Student: 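Got a structure for you, questions after.
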Protein chains: 2
Amino acid sequence: MSIAERKERQRAERYELILAAARELAETEGWEAVTTRRLADLISYSQPVLYSHFRGKADIMAAVATRGFEELATRLKIEAANVTGAPDILRNVCAAYLDFACSRPVVYEAMFVLPTKIKFASEETPPALRAAFDALVAALGPDRKEPVFLAEVLWSALHGMAVLMQSERIPATGAEVRLDILVQKFRSDSQAVNS
Amino acid sequence: MSIAERKERQRAERYELILAAARELAETEGWEAVTTRRLADLISYSQPVLYSHFRGKADIMAAVATRGFEELATRLKIEAANVTGAPDILRNVCAAYLDFACSRPVVYEAMFVLPTKIKFASEETPPALRAAFDALVAALGPDRKEPVFLAEVLWSALHGMAVLMQSERIPATGAEVRLDILVQKFRSDSQAVNS
DNA sequence: GCAGGAATTCTAGCGGCGCTATATTTGGGC
DNA sequence: GCCCAAATATAGCGCCGCTAGAATTCCTGC
């Protein structure tokens, strides 16, 4: 069975090669530059090989997105776990979300902007995606009414800030100020008036 | 000069025909179905005619977006002007924004999601777009610190809710609840604790 | 009324896209 | 070492955005 195992391993390696090539090409030239021809060139195989791993281009992007969900969940959980010495978990988690969006813009785009067949808020939702959302819920703290709706609003705000900044619809200047405003609005002990 | 005037008028009519065809086709089948060939078919002219009105497909979408800015600004200003009998201007303006995004999803997409050459937050920003943003600033009420940043955060949240709902990343159920939560967070007299 | 010429519009085509039917090559099993 | 299945490549389909150059239309000046 060693031969079958080797073949399986080589297939897995080529799968990773495709994902890496797709992400790197997207990172340098954007998703619109990621074509099956260029991808095939980059991995030194012909186009149809791609279709033995993925149903099509959308499927490749979905796979990149799925990896992104895992990385995002990891990053958020690290911040959420940093209880010791970091009093403001909510701010740290929000900052981590925005930092992820900013540091991996094309992965973020595949996850949350481009059309996708990945199911959100359903039984088929990828576990990592659920975990990332749960980290958001947790960061808001206990004893909230409607914790899921509240987290959805927070997520919406974070997502809006991420995409509007990325597409230069709001200026990059002021990201910190906006984050402060947002966090203050969602803090469980917020009592601020006229600010 | 009557002949030149007539030609100019006919050109203007055809321009409108193209915009209307683009918007309608996008509304029924999405922007990815809006191709120069189908557009040319719909207006009963050949493809190159499109290029005598617009630089290309992106330019057509930008024109649709520009019309959208005007409609959005109008809708928001109507709500903002409804002082009499409507105490909660902020909620009405936010609801009007979301309603616009929901009722004209593809126009909204062209305005705020798809790549565009339209400049935001600069001297070249279309007046209607500035007006729409100003309506958001006004809806937040006077005597705020950092009114522009605050409005940007509110806009981010509204935009996030709009796009995440449209792409089915958050469920359509709960739109009202989320709007209530958001407005409550941004109300100038918000004193809520643990909600 | 009509010829000339500019303005307008169309035909046809380029290179590239996602995707796939079919041909070719590769490599393990006997 | 041959056979056959699995793996891979070639070549092509119908579509895309866009454009050069041909064909047509229609205003102008006589």
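Everything numeric here is computed off the predicted structure, so don't read it as measured data. Letters A, B, ... mirror the listed sequences (proteins, then strands); counts begin at 1.
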Student: Scan residues 21-35 of chain A against DNA chain D and write down, sorted by residue number, each residue with any heavy atom closer than 4.0 Å; if none is found, say none.
Tutor: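 Those residues whose heavy atoms fall under 4.0 Å from DNA chain D, taken from residues 21-35 of chain A, amount to none.
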
Student: Considering residues at least two apart in sequence or located in another chain, which fulfil the salt bridge (charged side-chain N to carboxylate O under 4.0 Å, His left out) criterion with B:Glu168?
Tutor: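 Result, salt bridge (charged side-chain N to carboxylate O under 4.0 Å, His left out) vs B:Glu168: none returned.
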
Student: OP1 or OP2 of C:dT9 versus the side-chain N and O atoms of B:Arg11: is any pair under 4.0 Å?
Tutor: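 For C:dT9, OP1/OP2 do not have a side-chain N/O of B:Arg11 under 4.0 Å.
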
Student: Does one side chain, of B:Arg37 or B:Thr35, offer a donor that lies under 3.5 Å from an acceptor on the other?
Tutor: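 Looking only at side-chain atoms, B:Thr35 and B:Arg37 do not form any donor-acceptor pair under 3.5 Å.
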
Student: If you pin B:Ser44 and A:Thr36 to their nearest nucleotides in DNA chain C, which one's is more 5'?
Tutor: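 Mapping each residue to its closest nucleotide by heavy atoms, the 5'-most match is B:Ser44.
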
Student: Send over the distance from A:Lys57 NZ to C:dC17 C1', rounded to a whole Å.
Tutor: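 Rounding to the nearest Å, NZ of A:Lys57 and C1' of C:dC17 are 9 Å apart.
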
Student: Would B:Arg91 and B:Glu176 pass as an ion pair if we require N to O under 4.0 Å?
Tutor: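 Yes, B:Arg91 and B:Glu176 are salt-bridged.
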
Student: Atom CZ of A:Arg37 to atom P of C:dG18: distance rounded to whole Å?
Tutor: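 Nearest whole value for this atom pair: 7 Å.
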
Student: Table please: side-chain donor-acceptor pairs of residues 106-118 of chain B below 3.5 Å, with sequence neighbours left out.
Tutor:
| from | atom 1 | to | atom 2 | distance (Å) |
| --- | --- | --- | --- | --- |
| B:Tyr108 | OH | B:Tyr97 | OH | 2.7 |
| B:Tyr108 | OH | B:His159 | ND1 | 2.6 |
| B:Thr116 | OG1 | B:Ile118 | N | 3.1 |

Student: Counting only pairs under 3.5 Å, give me each side-chain donor-acceptor contact of residues 16-26 of chain B, with atom names and distances, residues two or more places apart or in other chains.
Tutor:
| from | atom 1 | to | atom 2 | distance (Å) |
| --- | --- | --- | --- | --- |
| B:Glu16 | OE1 | B:Arg67 | NH1 | 2.9 |
| B:Glu16 | OE2 | B:Arg67 | NH2 | 2.8 |

Student: Among residues 46-54 of chain B, which contact DNA chain D at a heavy-atom distance under 4.0 Å?
Tutor: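 By residue number: B:Gln47, B:Pro48, B:Tyr51.
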
Student: Check whether any side-chain N or O of A:Thr125 sits under 3.5 Å from a backbone N or O of A:Arg130 as a donor-acceptor pair, and report yes or no.
Tutor: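 No; zero donor-acceptor contacts below 3.5 Å.
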
Student: For residues 38-49 of chain B, which side-chain donor-acceptor pairs fall under 3.5 Å, sequence neighbours excluded?
Tutor:
| from | atom 1 | to | atom 2 | distance (Å) |
| --- | --- | --- | --- | --- |
| B:Arg38 | NH1 | B:Glu29 | OE1 | 3.0 |
| B:Arg38 | NH2 | B:Glu29 | OE2 | 2.9 |
| B:Gln47 | NE2 | B:Thr36 | OG1 | 2.8 |

